Amino acid sequence: MKHWVIAYRRVSGAPADLRRRLRSDITDLLRAALDADEERAEPDGSLLLQLPARVIGRDVSKQVRFRTGVAIDHGARTCVPLQWEAEPARHAFPVFRGTVELEPMTSGIAQLAVVGAVTPPLGPVGALADATVLGALAERTTHDLADRLADALEAPPAADRRDEHGERSAGVRPRLSVGDVMTADPVVLYEDMPLRTAALLLYHFDVSGAPVRTTDGGLVGVLSESDVLAAECPPDVRLGRRAAQRRALGAARTVGEACGRPARTVPPDTDLAEAASMMWDDDIGRLVVVSGAEIVGIVSRHDVLRAVIRNDAETQTAVDQVLRERDAQGVVVDVEWGVATVKGSVDRHSTARWLVDAIRAVDGVNGVDTDLEWLDDDLVPPVVP
């Protein structure tokens with residue numbers, strides 16, 4: 001049993017500017033609406049925030065994981081998918097699935113709405129609680145979130161220097177991010193597009209895969225060269241799941257029928273190492289890069305190689321930054337062909353190990369040769385007679 005909720009609020013401002021900001025800054029708007037500290041999203045793009053509510057006349061809050069999706073346009077109305085669920089103990093609390101919607105009213109006013117369904121937990125017990133308590137709580141919480149989002153949308157954006165990928169400029173960093181290596185403004189395919197047309201686009205732009213959107217703009221999957229190749233192969237008459245998948249792809253005539261679903265997304269500030277882990281663990285070839293509710297790029301396994309082949313000059317600069325951050329004044333590091341040679345002295349053995357681990361974690365460092373000395377060997381346990 002679902003409990004449908006909807007909350008409206010008018011927002012002052014040029015609708016085109018409000019729409020642009022909702023699409024590009026939805027995660028920042030959620031942070032501002034819920035008074036959250038400035039922290040980047042999780043590798044899967046989700047945000048862990050405190051959602052305030054009022055229960056029996058008392059102000060309370062619950063840690064909630066928010067997930068947003070790629071914006072969808074329905075005429076003049078822009079919709080951003082939104083989901084939240086309690087964490088921890090998400091099975092004991094209601095789950096919200098819906099959208100944040102913005103629709104122009106006049107040249108200087110738009111209407112913001114939070115629309116969705118709240119699913120109560122615990123089956124019949126949850127349904128009873130929804131009828132008595134949770135339903136009213138969901139209504140109040142949704143209206144409060146709509147008001148807070150509207151206030152954040154009306155407020156001027158914080159002054160912020162960002163690069164072309166929407167990331168804050170920070171010079172050469174020890175860890176490369178997805179935004180550093182991704183293909184920006186990727187080729188985008190649509191699910192009703194003929195597969196032959198998509199193959200021509202992939203060939204013409206020399207790309208191995210592209211995100212797939214619905215006709216109204218939602219992200220549904222990724223089409224890769226292997227998907228197109230499978231569609232051209234003869235049917236596989238053997239039994240088994242892979243053979244059935246190949247037969248299904250062989251019958252595909254549109255991009256939507258052939259693409260892999262769902263698309264895995266990451267924000268542009270995700271560490272490249274985290275993106276590599278996602279690709280390895282899930283055996284996927286590429287991730288769609290989403291900033292706010294906009295597709296800003298795509299990153300493939302080939303792009304991840306950038307962390308390995310980073311040139312020595314960049315790597316040296318990044319290593320020197322690590323030394324400055326850790327105030328390692330008695331240590332000198334030289335990088336040659338990806339190997340960092342560490343020399344000098346520190347106060348403790350544990351400090352030397354910690355520093356070497358930090359240098360080894362720098363993207364572009366493929367090996368560490370250590371010639372460090374220390375005064376106190378605090379890693380050797382004392383001998384007790």
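Just so you know, these numbers use all the heavy atoms, side chains as well, and skip hydrogens, waters and symmetry mates. Bear in mind that the values here come from a model prediction, so they are computed numbers and not experimental data.
In terms of heavy-atom proximity, Pro15 sits nearest to Pro104 at CB-CB, 3.8 Å. Pro174 and Gln321 get closest at one heavy-atom pair: CD-NE2, 3.7 Å. Taking every heavy atom of both residues into account, Ala276 and Val304 meet most closely at CB-CG1, 3.9 Å. Pairing each heavy atom of Pro267 with each of Val289, the nearest pair is C-CG1, 4.1 Å. Across every non-hydrogen atom of Thr68 and Gly292, the tightest pair is OG1-O, 4.1 Å. In plain terms, the two heavy atoms of Ala7 and Ala146 that are nearest each other are CB-CB, 3.8 Å.
Residue pairs meeting the salt bridge (charged side-chain N to carboxylate O under 4.0 Å, His left out) criterion with at least one member in residues 365-374, sequence neighbours excluded, do not occur. Evaluation of the salt bridge (charged side-chain N to carboxylate O under 4.0 Å, His left out) test over residues 344-367, restricted to residues two or more places apart or in two chains, returns Arg175-Asp363, Asp357-Arg360. Screening residues 316-326 for salt bridge (charged side-chain N to carboxylate O under 4.0 Å, His left out) gives no qualifying pairs among residues at least two apart or on separate chains. Residue pairs satisfying the salt bridge (charged side-chain N to carboxylate O under 4.0 Å, His left out) criterion with at least one member in residues 182-198, sequence neighbours excluded, are listed as follows: Glu191-Arg261.
Phe96 CZ to Thr141 OG1: the interatomic distance, rounded to the nearest 0.5 Å, is 10.5 Å. If you take CD1 on Ile309 and CG on Asn366, they are separated by 10.5 Å, rounding to the nearest 0.5 Å. The CG atom of Leu287 sits 8.5 Å away from the OG1 atom of Thr265 when rounded to the nearest 0.5 Å. For the atom pair Arg9 CZ and His143 NE2, the distance stands at 12.5 Å (nearest 0.5 Å). Here the CD-CZ distance, from Gln111 to Arg10, works out to 6.5 Å after rounding to the nearest 0.5 Å. Considering OG1 of Thr78 and CG of Leu112, their distance stands at 11.0 Å, rounded to 0.5 Å.
Looking at Ser46 and Arg65, their side chains do bring a donor and an acceptor atom within 3.5 Å of each other. Judged by distance alone, the side chains of Asp334 and Thr341 never bring a donor and an acceptor atom under 3.5 Å apart. Neither side chain, Asp312 nor Thr315, offers a donor N or O lying under 3.5 Å from an acceptor on the other. Judged purely by distance below 3.5 Å, without hydrogens or angles, the side chains of His349 and Asp378 never pair a donor atom with an acceptor atom.
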Let me check something: any side-chain donor-acceptor pairs from residues 203-225 under 3.5 Å, sequence neighbours excluded? List them with distances.
from	atom 1	to	atom 2	distance (Å)
Ser208	OG	Arg286	NH2	2.9
Arg213	NE	Gly217	O	2.5
Arg213	NH2	Ala71	O	3.4
Arg213	NH2	Gly217	O	2.5
Thr214	OG1	Asp216	OD1	2.4
Thr214	OG1	Gly217	N	3.3
Thr214	OG1	Gly218	N	2.8
Ser224	OG	Ser226	N	3.4
Ser224	OG	Ser226	OG	2.7
Ser224	OG	Asp227	N	3.3
Ser224	OG	Asp227	OD2	3.2

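For the side-chain contact (heavy atoms from CB on, under 4.5 Å) test with Val11, the passing option among Leu149, Asp151, Ile109, Leu18 is Leu18; the others fail.
Looking only at side-chain heavy atoms (C-beta outward), Leu29 and Arg21 come within less than 4.5 Å of each other. In this structure, the side chains of Val266 and Met278 come closer than 4.5 Å at one or more pairs of heavy atoms. Looking at heavy atoms from C-beta onward, Leu47 lies out of side-chain contact with Val64 at the 4.5 angstrom threshold. Two residues are said to be in side-chain contact when any heavy atoms from C-beta on lie closer than 4.5 Å; Pro186 and Ile295 meet this criterion. The shortest distance between side-chain heavy atoms of Met182 and Ile298 does not fall below 4.5 Å. At a threshold of 4.5 Å between non-hydrogen side-chain atoms, the residues Leu82 and Leu145 count as touching. The shortest side-chain heavy-atom distance between Leu34 and Phe66 falls under the 4.5 Å cut-off. Residues Val70 and Glu294 are not in side-chain contact: their nearest non-hydrogen atoms beyond the backbone lie 4.5 Å or more apart.
Judged purely by atom type and a 3.5 angstrom limit, Gln63 uses its side chain to pair as donor or acceptor with the backbone of Glu87. Between the side chain of Asp73 and the backbone N or O of Gly75 there is no donor-acceptor pair closer than 3.5 Å. Between the side chain of Glu154 and the backbone N or O of Ser12, at least one donor-acceptor pair lies under 3.5 Å. Side-chain atoms of Glu257 come within 3.5 Å of backbone N or O of Arg253 as a donor-acceptor pair. Side-chain atoms of Asp25 do not come within 3.5 Å of backbone N or O of Leu22 as any donor-acceptor pair. Although no hydrogens or angles enter the test, the distance criterion places no donor-acceptor pair under 3.5 Å between the side chain of Arg97 and the main chain of Ala117.
At most 12 heavy atoms of other shown residues, nucleotides or ligands fall within 6.0 angstrom of atom NE2 in His302.
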Inset, instruction - Show the numbers, then the answer: is there a side-chain hydrogen bond (donor to acceptor under 3.5 Å, both in side chains) between Ser300 and Asp303? - result: CA-CA 5 Å; Ser300 67; Asp303 298 322; 3.2 Å; yes
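Leu200 belongs to no multi-residue hydrophobic cluster, having no ILVMFWY side-chain contact under 4.5 Å with any other such residue. In the hydrophobic clustering, where aliphatic and aromatic side chains (Ile, Leu, Val, Met, Phe, Trp, Tyr) are joined below 4.5 Å either directly or transitively, Ile6 groups with Tyr8, Val115. Grouping Ile, Leu, Val, Met, Phe, Trp and Tyr residues whose side-chain heavy atoms lie under 4.5 Å apart, directly or via other members, leaves Trp354 alone, with no other cluster members. Hydrophobic side-chain contacts under 4.5 Å tie Leu372 into a cluster, directly or through other members, with Val319, Val322, Leu323, Val331, Val333, Val335, Val342, Val346, Leu355, Val356, Ile359, Val362, Val365, Val368, Trp374.
Salt-bridge check for Glu103 with Arg19: failed, with every basic side-chain N at 4.0 Å or more from each acidic carboxylate O. Using a cut-off of 4.0 Å between Lys/Arg side-chain N and Asp/Glu carboxylate O, Asp144 and Arg148 are scored as salt-bridged. Under 4.0 Å is where a charged nitrogen must lie from a carboxylate oxygen, and between Asp28 and Arg31 at least one such pair does.
A continuous path of Ile, Leu, Val, Met, Phe, Trp and Tyr side chains, each step under 4.5 Å between heavy atoms, connects Ile26 with Val114, placing both in one hydrophobic cluster. Side-chain heavy atoms closer than 4.5 Å link hydrophobic residues (I, L, V, M, F, W, Y) into clusters, and following such links, even through other members, never connects Ile72 to Val288. Val181 and Ile284 fall within the same hydrophobic cluster, defined by Ile, Leu, Val, Met, Phe, Trp and Tyr side-chain heavy atoms under 4.5 Å apart, directly or through other members. Val228 and Met193 end up in the same hydrophobic cluster when Ile, Leu, Val, Met, Phe, Trp and Tyr side chains are linked at under 4.5 Å. In this structure, Val5 is a member of the same hydrophobic cluster as Leu102, with clusters built from ILVMFWY side-chain heavy atoms closer than 4.5 Å.
Tyr190 is linked by a ring pair (Phe, Tyr, Trp, His ring centres under 6.0 Å) to nothing, counting only residues two or more places apart in sequence or in another chain. Scanning for ring pair (Phe, Tyr, Trp, His ring centres under 6.0 Å) contacts around Trp280 gives an empty result, with sequence neighbours left out. For the side-chain contact (heavy atoms from CB on, under 4.5 Å) test, residues two or more places apart in sequence or in another chain that qualify with Asp283 are Arg301.
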